[in-house]
Amino acid sequence: MSGEEKSAPSNFIRQIVDQDLASGKHSAIHTRFPPEPNGYLHIGHAKSIVLNFGIAEDYRGLCNLRFDDTNPQKENVEYVEAIQKDVRWLGYDWDGRLFFASDYFEQLYQFAVELIEKGKAFVCELDYERMRDYRGTLKEPGKNSPYRDRPIAENLDLFQRMRAGEFPDGARVLRARIDMASPNINLRDPVLYRIRHGVVHHQTGAAWCLYPMYDYTHPISDALEGITHSLCTLEFEDHRPFYDWVLDNISIGCHPRQIEFSRLNLEYTVMSKRKLTQLVSEGHVEGWDDPRMPTIAGLRRRGFTPAAIRDFCHRIGITKAENRVEMSVLENCIREDLDAQAPRRMAVLRPLKLVIENYPEGRIEALEVANHPKDEAQGMRKVTMGREIYIDRADFTEVAPNKQWKRLVTGGEVRLRGSYVIRCEAVVKDAQGEIIELRCSYDPATLNANPEGRKVKGVIHWVCAATGVRAEVRLYDRLFTHPTPDAVSGSDFTYLINPASLEVLTDCLVEAALAEATPETPFQFEREGYFTRDPKALGLVFNRTVTLRDSWAKLEQQP
RNA sequence: UGGGGCGUGGCCAAGUGGUUAAGGCACCGGAUUUUGAUUCCGGCAUUCGUAGGUUCGACUCCUACCGCCCCAGCCA
């Protein structure tokens with residue numbers, strides 16, 4: 001791999017952990033990663049995973065994986081399984097501490113009974129509309145529900161009958177009894193339980209028709225698991241008073257501290273689960289693991305490594321500031337990792353036939369070429385050379401466009417990577433005037449040696465016609481044409497999808513050594529970028545993970 | 001004057017009263033190079049949203065103002 005993994009930089013949450021350890025508030029740290037199984041994990045989740053599991057790792061603490069499965073209407077097992085797979089792939093292990101909020105349904109119910117007994121919760125019969133009206137607005141206080149002062153015994157009876165299934169969906173709800181005039185809307189008697197008949201929960205089946213709300217479930221789940229630091233994103237900051245209220249009003253001997261940090265936003269992609277789901281369901285992409293998706297599964301299929309993703313999560317930091325990270329940061333992470341480890345190979349994406357006229361007919365040479373320019377341990381491989389080879393169309397032009405051009409040109413010389421120096425003697429065109437073949441000569445004295453009396457600047461890659469293998473190559477570009485597609489409200493953001501986000505090249509020619517490539521093994525196709533074999537396609541198909549940095553492309557833009 | 005947050009270079013982000021205001025990405029030079037890659041050197045905020053104030057000294061403390069984000073699901 002790419003050597004030692006850099007340690008995670010500190011951040012304000014780690015500083016709080018340091019203080020809690022130093023003050024003796026805690027002697028051990030326990031975090032948790034709590035996804036809702038209603039979609040695949042994305043790079044934003046990776047930020048949270050690396051934070052939570054990373055802290056546990058560095059402080060020799062524990063991190064649980066817990067599914068926040070309180071809304072059976074949106075959740076399913078496919079996601080439960082995919083999420084576990086992705087967390088493992090990222091390099092983390094919950095050591096058997098896999099939990100579901102639904103594991104706690106009975107306890108949650110009993111705590112609700114306790115709240116009722118203490119006069120801290122009541123059964124409300126207001127319908128959706130009226131409940132909204134009673135809630136007030138951001139600037140005006142709400143009004144007490146007419147059911148708010150129901151006798152405890154009646155609440156107890158009603159709540160038990162809600163569980164027993166005596167009421168239809170929406171007819172009754174259990175609410176906390178806090179303060180309808182609170183300036184914090186989350187404290188205006190929030191709903192604790194709602195009724196949902198006829199849905200089969202992926203974990204509890206049909207055992208319940210009563211489901212707890214996230215705000216009520218989360219603090220209790222955390223406390224039950226002995227979590228010390230409950231890390232979540234900024235939008236839950238307003239909910240923290242309620243998180244604390246729940247734990248302060250039930251008999252539970254643990255009170256985790258909730259700390260909020262900002263979500264990750266990445267340029268040219270979307271991160272909201274709703275939008276990602278829409279991309280999949282409407283067929284804008286091939287699926288959750290489409291290599292253009294910012295999902296863990298997509299990045300994996302694209303050829304990203306867990307180490308690069310972890311590195312990225314470290315580089316972007318943890319703060320409370322809104323942010324929108326540039327793609328180049330992610331790209332730099334994967335390039336850095338792959339440059340160090342990926343064996344080099346040659347692949348011609350847009351083939352142009354080239355015949356070396358003074359090269360003996362029928363002769364095939366096996367040349368030894370280094371697998372890596374700096375890592376000798378990667379050894380050498382055999383690459384065959386013959387009279388007919390293919391080079392990339394972009395590496396030849398009849399007349400050099402400028403003095404900086406260092407590829408092949410009519411009458412000019414260029415080095416074939418790991419092979420000889422050749423000179424273009426003539427160009428063959430078809431009836432339409434399109435170049436279909438190059439006639440060249442080679443200098444036999446230039447194998448592993450520089451030519452005498454002249455210097456050849458350019459080096460291009462090539463593939464032997466006799467042994468090269470056909471392959472399909474998929475080139476990916478950013479999924480959106482706009483840096484902040486998330487800023488577009490509603491569901492019409494799809495018009496910002498980049499029509500050129502996927503380019504499929506079906507006539508590529510790759511060196512023979514690539515025929516047995518396996519998925520998730522990275523290769524650098526010299527002068528092109530990093531590629532890995534697609535795990536789903538039937539034939540020999542490669543996905544481009546990322547291009548090489550290309551300072552020539554920048555020069556070309558200029559006059 | 002509803003409540004809760006945030007504002008350090010193009011993008012992230014250190015900094016927690018005494019420093020020349022870290023680092024990464026990006027960008028701009030230049031060297032090396034059988035990948036226009038990598039690597040290597042060098043450059044890149046007299047200034048920390050703005051304006052005042054406290055202090056011998058402020059990005060760090062105080063005040064006011066400005067800007068941006070979140071909250072009125074029986075979603076999470």
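It should be emphasised that the depicted structure is a prediction, and the values quoted were computed from it without experimental measurement. Chain naming here is simple, since letters A, B, ... match the order of the sequence lines and numbering starts at 1 in each.
Annotation: C27(B) and C11(B) have their P atoms spaced 15 Å apart (nearest Å). Only the C1' atoms considered, G18(B) is 24 Å distant from U63(B), to the nearest whole Å. Comparing A64(B) with A21(B), their C1' atoms sit 26 Å apart, to the nearest whole Å. Distance check on atom C1': C44(B) versus A26(B) gives 11 Å, rounded to whole Å.
Taking every side-chain heavy atom of Lys320(A) into account, C6(B) is the closest of C71(B), C6(B), A76(B). Considering only side-chain atoms of Glu326(A), the nucleotide from A26(B), C75(B), U35(B) that sits closest is A26(B). Considering only side-chain atoms of Lys406(A), the nucleotide from U35(B), G36(B), A13(B) that sits closest is G36(B). Ranking C75(B), C74(B), A76(B) by closeness to the Met131(A) side chain, first place goes to C74(B). The side chain of Val459(A) sits closest to U35(B) out of U35(B), C74(B), C75(B). Among the nucleotides U34(B), G24(B), A37(B), the one closest to the side chain of Pro373(A) is A37(B). When each of A72(B), G36(B), U34(B) is scored by its nearest atom to the side-chain atoms of Ser551(A), the top-ranked nucleotide is G36(B). Distance from the side chain of Arg194(A) is smallest to A76(B) among A26(B), A76(B), A72(B). Looking at the side chain of Glu237(A), the nearest of the listed nucleotides A76(B), A26(B), G4(B) is G4(B). Closest contact between the side chain of Val329(A) and the listed nucleotides C6(B), C25(B), A76(B) involves C25(B).
Aromatic stacking is marked for Trp552(A) over G36(B), as both cut-offs hold: 5.5 Å for the centres and 30° for the planes. Stacking is not found between Tyr193(A) and the pyrimidine-like six-membered ring of the C74(B) base under the 5.5 Å centre-distance and 30° plane-angle cut-offs.
Seen from the ring of Phe523(A), Arg345(A) does not count as a face-on cation partner, given the 6.0 Å and 45° thresholds.
Ring geometry for Phe242(A) versus Trp245(A): interplanar angle under 30°, hence parallel rather than tilted (30 to 60°).
For G73(B), the base has no donor-acceptor partner in the side chain of Arg132(A) [N/O atoms by modelled type, under 3.5 angstrom]. Taking only distance into account, the side chain of Arg527(A) never meets the base of U35(B) through a donor-acceptor pair shorter than 3.5 Å. With hydrogens and angles left out, the side chain of Asp238(A) and the base of G3(B) share a donor-acceptor pair within 3.5 Å. For Gln524(A) against U35(B), a side-chain N or O and a base N or O form a donor-acceptor pair under 3.5 Å.
Looking at heavy atoms from C-beta onward, Ile220(A) lies in side-chain contact with Tyr216(A) at the 4.5 angstrom threshold. Counting heavy atoms from C-beta outward, Lys143(A) and Met180(A) have side chains that stay 4.5 Å or more apart. Side-chain contact between Cys232(A) and His218(A) is absent, with no heavy-atom pair separated by less than 4.5 Å.
Look at A37(B): it lacks any Watson-Crick or wobble partner with both distances under 3.5 angstrom. Across all strands shown, U63(B) forms a Watson-Crick or G-U wobble pair, both distances under 3.5 Å, with A51(B). Base pairing analysis places G10(B) opposite C25(B); the two distances defining the Watson-Crick or G-U wobble pair are each below 3.5 Å. The pairing partner recorded for C68(B) is G5(B), the criterion being a Watson-Crick or G-U wobble arrangement whose two distances lie under 3.5 angstrom. Remark: C56(B) base-pairs with G18(B); criterion is Watson-Crick or G-U wobble with both hydrogen-bond distances under 3.5 Å.
Within a 6.0 Å sphere centred on CZ of Arg263(A), heavy atoms belonging to other residues, nucleotides or ligands number 12 at most.
Minimum interatomic distance between Lys382(A) and Glu368(A) (heavy atoms only, all atoms of both residues): NZ-OE2, 2.6 Å.
If you measure from atom CZ of Arg188(A) to atom P of G73(B), you get 11 Å, rounded to the nearest angstrom.
Nucleotide G73(B) carries a syn base; the chi torsion (O4'-C1'-N9-C4 or O4'-C1'-N1-C2) is within 90° of 0.
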